[in-house]
Amino acid sequence: MGFTMGLNLLLLVAMVATNILSLYHLSSNIQSKPPVAPPVPDHLLHQLQTIRATINHLTRLQPPAPPSGKAKKSTVTIPSDLLLYTHLSPIASSCKDNPDLLHQYMSYTPFSLCPSDSSVAESLILRGCHPLPRRRCFSRTPSSIPASLPKTPFSTIPEKALLWNNYTCKSFSCLSQSNPNLGFDMKVEQSRFLDFKSDLDLPIPQFLQLTKTSKSVIRLALDIGGGTGTFAAQMKLHNVTVVTTTMNLGAPYSETVALRGLVPLHVPLQQRLPVFDGVLDLVRCGHAVNRWIPVTMMEFLLFDVDRVLRAGGYLWLDHFFSKRADLEKVFQPLIWKLNYKKVKWTVANKNDASGVKNGEVYLTALLQKPLSR
């Protein structure tokens with residue numbers, strides 16, 4: 001404590017000395033008769049530089065923590081709150097490129113209810129403004145609370161547990177009727193990832209059998225663009241923990257994932273994966289990862305996946321679609337840059353209206369990261 005107070009006193013004296021020397025130089029210039037100020041004396045410049053260098057050195061001083069099991073020695077330390085908490089939370093540099101949206105998002109009354117503006121937040125995030133700036137307002141909650149929450153990831157989800165005012169549809173039945181493939185009908189979702197309908201499919205039981213044969217252990221996984229979290233739900237039944245990245249594009253995807261007892265990550269595809277290096281057994285890329293992603297961003301995404309996968313981990317590209325020519329000339333060489341082992345590589349025509357019109361194909365690939373490099 002005494003050392004800390006002494007150091008603070010030293011900083012105070014140094015700053016006062018700097019101000020006095022600067023004032024001395026300023027007053028000498030004012031009192032001098034020549035219209036042109038004389039040059040600053042060398043000894044004064046040297047003193048100022050020494051004091052400023054000392055201040056910079058002291059403010060950066062962070063002595064290492066003492067080894068565990070040994071008594072902590074008295075050391076001169078800077079209080080951590082002076083160094084760690086002097087800046088506001090960071091925001092993405094791209095936020096400044098969208099001033100109108102950012103102004104709209106930050107136009108709120110502090111210490112009151114937050115505006116109902118999740119669509120504005122989504123728009124900013126998709127434009128690279130992530131992380132968003134923090135706000136000091138209270139999050140909104142549904143007007144009524146359901147009596148219970150789902151006990152299994154395929155139970156009926158209570159609609160009263162969500163805020164629907166930001167969406168065109170106001171119920172799960174409306175979402176399912178508009179598009180049965182959105183993932184909000186639990187009766188449909190219960191059989192997903194279990195059936196083998198074409199060579200493009202890789203049912204979860206078959207995937208787990210492949211990993212078992214190769215003596216690989218699957219415990220932790222990340223599902224990129226995982227929608228309502230059905231892949232994570234199916235893997236949970238096999239004691240595999242899967243975190244799902246998703247965005248709320250026109251529907252409550254993140255809330256649905258959470259209500260199913262799963263973990264949603266509200267991050268865009270261009271965001272660095274918020275996972276430490278080499279800790280995941282599996283990364284799956286669903287329909288959100290496709291040819292609409294710029295090639296440069298796709299390359300960074302693949303190498304970020306490589307970063308978070310452990311040695312021997314798996315990258316699963318599930319129904320990645322692109323034009324056939326682009327797959328052969330652009331995406332296939334891009335994927336092969338990883339130098340992963342090909343466990344499965346299947347290409348087939350995309351036979352819907354868009355696929356036929358644009359000459360698109362699907363790719364399903366299961367690739368294994370090398371055990372050593």
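- When atom types are taken as modelled, the side chain of Q234 and the backbone of I204 share no donor-acceptor pair closer than 3.5 angstrom.
- Between the D185 side chain and the K187 main chain, a donor and an acceptor come within less than 3.5 Å of each other.
- Under a cutoff of 6.0 Å and an axis angle of 45°, R260 and F154 form a cation-pi pair.
- The hydrophobic cluster containing L113 does not contain L162, counting ILVMFWY residues as joined when their side-chain heavy atoms lie under 4.5 angstrom apart, directly or transitively.
- With hydrogens and angles left out, the side-chain atoms of H266 and E122 include a donor and acceptor closer than 3.5 Å.
- Atom NZ of K329 has 12 or fewer neighbouring heavy atoms from other residues, nucleotides or ligands inside a 6.0 Å radius.
- Between the side chains of N248 and S254, at least one donor N or O lies within less than 3.5 Å of an accepting N or O.
- Using a 4.5 Å cut-off on side-chain heavy atoms (C-beta onward), D223 and V283 make no contact.
- Linking Ile, Leu, Val, Met, Phe, Trp and Tyr whenever their side-chain heavy atoms come within less than 4.5 Å leaves L220 and F207 in two separate clusters.
- Paired with F320 under the rule ring pair (Phe, Tyr, Trp, His ring centres under 6.0 Å), one option of Y362, F331, W345 passes, and it is F331.
- Donor-acceptor pairing under 3.5 Å is recorded for the side chains of S116 and N165.
- There is a side-chain donor-acceptor pair under 3.5 Å between Y340 and D306.
- For R310 and D281, the salt-bridge test passes: some basic side-chain N is under 4.0 Å from an acidic carboxylate O.
- For the atom pair CD (Q206) and CZ (F193), the distance works out to 14.0 Å, reported to the nearest 0.5 Å.
- Counting only N and O atoms by type, the side chains of N166 and S118 include a donor and acceptor under 3.5 Å apart.
- Between L371 atom CG and K341 atom NZ the span is 9.0 Å, to the nearest 0.5 Å.
- A donor-acceptor pair under 3.5 Å links the side-chain atoms of N179 to the main chain of N181, judged by distance alone.
- Here the side chain of T228 pairs a donor or acceptor atom with the backbone of G183 at under 3.5 angstrom.
- Looking at R140, its side chain does come within 3.5 Å of a backbone N or O of C114 through a donor-acceptor pair.
- Side-chain atoms of T364 come within 3.5 Å of backbone atoms of H319 as a donor-acceptor pair (strictly under, hydrogens ignored).
- Of the possible donor and acceptor atoms, none in the side chain of D117 sits under 3.5 Å from a partner among the backbone N and O of V120.
- No donor-acceptor distance shorter than 3.5 angstrom exists from the side chain of N358 to the backbone of G355, with no hydrogens or angles considered.
- Using a 3.5 Å distance cut-off with no hydrogens or angles, the side chains of E360 and N349 do not pair a donor with an acceptor.
- For the pair R307 and F276, the cation does not sit on the ring face, since its NZ or CZ is not both under 6.0 Å from the ring centre and inside 45° of the axis.
- Judged by distance alone, the side chain of E159 and the main-chain N or O of S171 form no donor-acceptor pair under 3.5 Å.
- Proximity of L315 to L366: side-chain heavy atoms (C-beta onward) are nowhere separated by under 4.5 Å.
- Side-chain N or O atoms of K170 include one that pairs as donor or acceptor with a backbone N or O of W164 at under 3.5 Å.
- Transitive grouping of hydrophobic side chains (ILVMFWY, heavy atoms separated by less than 4.5 Å) brings L222 and M297 into a common cluster.
- Side chains of S216 and Y314: a donor-acceptor N/O pair is present below 3.5 angstrom, by distance only.
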(message) Between F184 and Y253, does the ring-ring contact (aromatic ring centres under 6.0 Å, His included) criterion hold? Intermediate values first, please.
(response) CA-CA 9 Å; F184 294 98; Y253 290 100; 5.2 Å; yes
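- F300 CZ: 12 or fewer foreign heavy atoms inside a 6.0 Å radius.
- Salt-bridge check for R324 with D326: failed, with every basic side-chain N at 4.0 Å or more from each acidic carboxylate O.
- In this structure, CG in L309 is found 10.0 Å from CG in L367, a value given to the nearest 0.5 Å.
- Hydrophobic clustering (ILVMFWY, side-chain heavy atoms < 4.5 Å, transitive): V257 and V263 are in distinct clusters.
- There is no side-chain donor-acceptor pair under 3.5 Å between S214 and T211.
- The structure places NE2 of H130 at 4.5 Å from CD1 of I125, a figure rounded to the nearest 0.5 Å.
- For K350 and F321, the positive end sits near the middle of the six-membered ring, less than 6.0 Å away and at most 45° from its axis.
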